[in-house]
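Worksheet for the structure shown next.
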Amino acid sequence: MSKLREGNFTEEVTKHSVHTLVFRSLKKTHDMFVSDQANLPPGDPLADKVLSGIKSRAMYGKVREDVDRLKNMPDYQKQHQENGTENGENGAVAVYKPPNMMAGAVNSNQGTIATTNGPVGATLNQLAVRKAPAMPKPQWHAPWKLYRVISGHMGWVRCCTVEPGNEWFATGAADRVIKIWDLASGKLKLSLTGHVSVVRGLAVSPRQPYLFSCGEDRQVKCWDLEYNKVIRHYHGHLSAVYDLSIHPTLDILFSCGRDSTCRVWDMRTKTNIHTLSGHTNTVTSVLSQATDPQVITGSNDSTVRLWDLAAGRCMATLTNHKKSVRGLVMHPKLYMFASAGPDNIKQWRCPDGKFIQNLSGHNAIVNCLAMNADNVLVSGADNGTMYFWDWKTGYNFQKFQAPVQPGSLDSEAGIFQMKFDHSGSRLITCEADKTIKIYKEDDSATEETNPINWRPEILKRRRY
């Protein structure tokens, strides 16, 4: 021991920069938790027992009281009660004689024959009249036209969102900049820089002056629009983050991305409440609503999942799509939503995800959907085509492709995201030619100038 104490240790400790040490620490943490990132910690059996006791008392307290009272009752009272019930079942009070339904039917038929002097077959046919199933006719919608092109971004415009007051909208692009534009004039109001990669998702909070953004740099940021600065970061995604959604009634944020998960964040505390895992490929889009299912996700594994937010579990998996699901949209009024992929646009009914119908015909890679309160559904594709649909019947009443910006290639005609403003009268599209295009309805169009040319298929409502 003394020799060890006396010995000089001349080995030098290698000094690393703080950046390297932090990166190594992050990598170790990632390796430690990547296998069970979605697993919740084990429950406390004592707490579970207390909770089940409180629930059983609250729900079945009265029943338990009756059972205990019967158990504590003397034998002669129990016997008296049993005898009483037997007498009630076998006595004259409980005798039930079912009515003769056929006799009544014969009498009524005879009565009608006597009054009308018609054949028996005629009256039976009158009783059994059935209406033929009628196909609903599509509602007439005015065609849409391009009325403004805004250029200002230096890269593909990937996402947009409209402010709840309907005065301005924000766009994010591959130039890593978030730009805020005036909706009425189309003029640039503000540019926000902070992301170090492509900005892929934006959302404005309806209750606080916050703008949320996410990107391929794995970051989810909260911007305070009173100071135009980042005030919160939400750390946890292991890869690029592709979409955002804000819960309509709770202070909860949803983000999804290339790590095949959808993460649920508490806005204020930045806590990762749930990690909704189950998809086997990139989660491309997420929706949220106030009623169950409160979270809906679409993924490149060609499934749509409906989630129970309270439990953090999947309620239903919709496997009808044959190819990757790239776009989701909620109906503003009905309890329904639509999903889009290269194969089809499909309509579903909440809460259990019942399939309603296919909207076929947009033969391209459909990236996004938008929906307004007038039952106009719009789909935008990778080749720059836009199809306008009547929601109820699935009638495609307009096909449109805007020319690309001068100087761009024809192949740069993709539409990445589209949103209606809150009035439903303006449609904003984010495009691959680095422009933002705004569309409105053609006021001069009428049902005579643009008639409905509707040829419904016989087997319209397919089963999948």
Side-chain angles (χ1 to χ4, degrees), residues 148 150-155 157-237 241-257 263-273 285-290 370 416-430 436 438:
R148 180 172 287 151
I150 302 171
S151 56
H153 280 291
M154 304 298 289
V157 187
R158 298 303 301 243
C159 55
C160 66
T161 186
V162 183
E163 177 251 346
N166 217 37
E167 292 180 1
W168 53 265
F169 67 96
T171 55
D175 58 4
R176 311 185 298 279
V177 181
I178 300 164
K179 289 183 183 284
I180 293 175
W181 312 84
D182 185 67
L183 186 58
S185 64
K187 290 180 180 175
L188 179 66
K189 295 179 76 170
L190 188 67
S191 291
L192 301 171
T193 57
H195 280 280
V196 294
S197 190
V198 183
V199 183
R200 292 295 294 261
L202 291 170
V204 183
S205 171
R207 290 181 299 281
Q208 300 100 346
Y210 294 160
L211 169 71
F212 295 91
S213 64
C214 66
E216 291 182 9
D217 50 8
R218 297 180 289 180
Q219 294 183 5
V220 180
K221 294 176 184 281
C222 174
W223 304 78
D224 189 327
L225 295 172
E226 290 176 348
Y227 300 97
N228 301 327
K229 289 181 179 177
V230 178
I231 56 167
R232 295 190 189 104
H233 286 91
Y234 301 89
H235 295 289
H237 275 285
V241 191
Y242 282 170
D243 198 14
L244 281 179
S245 183
I246 295 173
H247 195 283
T249 55
L250 305 173
D251 287 341
I252 288 175
L253 177 71
F254 306 96
S255 62
C256 64
R263 292 176 187 266
V264 186
W265 308 93
D266 186 320
M267 280 185 194
R268 286 168 290 186
T269 63
K270 301 179 284 187
T271 309
N272 188 179
I273 303 167
S285 48
V286 58
L287 291 178
S288 61
Q289 59 179 356
F416 293 118
Q417 203 175 55
M418 51 172 58
K419 292 276 172 72
F420 279 101
D421 72 342
H422 293 291
S423 68
S425 60
R426 298 286 182 272
L427 176 65
I428 303 162
T429 63
C430 306
I436 303 139
I438 304 181

Problem set entry | Close side-chain approach of Leu225 to Tyr210, heavy-atom, < 4.5 Å | no

Problem set entry | Within 6.0 Å of CZ in Arg232, more than 12 heavy atoms from elsewhere | yes

For this session: Could you grab the distance from atom CG of Leu253 to atom CD1 of Ile273, nearest 0.5 Å is fine?
Result: 9.5 Å

Exercise. According to the side-chain hydrogen bond (donor to acceptor under 3.5 Å, both in side chains) rule, which pairs have a member within residues 157-175, sequence neighbours left out?
Worked result: His153-Thr171, His153-Asp175, Asn166-Asp421, Thr171-Trp181

Exercise. Are the side chains of Val286 and Ser255 in touch, meaning some heavy atoms are under 4.5 Å apart?
Worked result: no

Seminar exercise, completed: Between the OH atom in Tyr242 and the OG atom in Ser285, the distance rounded to the nearest 0.5 Å is 12.5 Å

For this session: Specify the closest pair of heavy atoms between Trp265 and Lys270, including all atoms of both residues, with the distance to one decimal.
Result: CE3-O, 3.9 Å

For this session: Can you see which heavy atom on Arg426 is nearest to which on Ile438, and at what distance?
Result: CD-CG2, 4.2 Å

Problem set entry | Partners passing salt bridge (Lys or Arg N to Asp or Glu O under 4.0 Å) against Asp182 (at least two apart in sequence or in another chain) | none

Exercise. Could you state the interatomic distance from CD1 (Ile428) to CE (Met418), rounded to the nearest 0.5 Å?
Worked result: 11.0 Å

For this session: Any salt bridge (charged side-chain N to carboxylate O under 4.0 Å, His left out) involving residues 204-213? Give me the pairs, sequence neighbours left out, ordered by first then second residue.
Result: Arg207-Asp251

Exercise. So how far is it from Lys419 NZ to Thr429 OG1, rounded to the nearest 0.5 Å?
Worked result: 12.5 Å

Problem set entry | Heavy-atom closest pair, residues Cys214 and Val241 | CB-CG1, 3.6 Å

For this session: Quick one: closest heavy-atom pair of Ala290 and Thr249, and the distance?
Result: CB-CG2, 4.1 Å

Problem set entry | Thr193 (side chain) donor-acceptor with Val177 (main chain) under 3.5 angstrom | no

Exercise. Is there a donor-acceptor pair closer than 3.5 Å between any side-chain N or O of Asp217 and the backbone N or O of His195?
Worked result: no

Exercise. For the residue pair Ser288 and Ser245, what are the closest heavy atoms and their distance?
Worked result: OG-OG, 2.8 Å

Exercise. With sequence neighbours excluded, what pairs up with Phe416 under the ring-ring contact (aromatic ring centres under 6.0 Å, His included) test?
Worked result: Trp156

Problem set entry | Side chain proximity check, Ile246 to Met267, heavy atoms < 4.5 angstrom | yes

Exercise. When rounded to the nearest 0.5 angstrom, what is the spacing between CZ in Phe169 and CD1 in Ile150?
Worked result: 4.0 Å

Seminar exercise, completed: Output for pair (Cys222 SG, Leu211 CG), nearest 0.5 Å, gives 8.0 Å

Seminar exercise, completed: For Leu202 and Gly172, the nearest pair of non-hydrogen atoms, with its separation, is CD1-N, 3.5 Å

Exercise. Are the side chain of Asp266 and the backbone of Asn272 linked by a donor-acceptor contact shorter than 3.5 Å?
Worked result: no

Exercise. Of all residues at least two apart in sequence or in a different chain, which pass the salt bridge (Lys or Arg N to Asp or Glu O under 4.0 Å) check with Arg148?
Worked result: none

For this session: Describe, in one word, how the ring planes of His233 and His235 are oriented to each other, choosing from parallel (under 30°), tilted (30 to 60°) and perpendicular (over 60°).
Result: parallel

Exercise. Does any pair with a residue in residues 186-205 pass salt bridge (charged side-chain N to carboxylate O under 4.0 Å, His left out), and if so which ones, sequence neighbours excluded?
Worked result: Arg200-Glu216

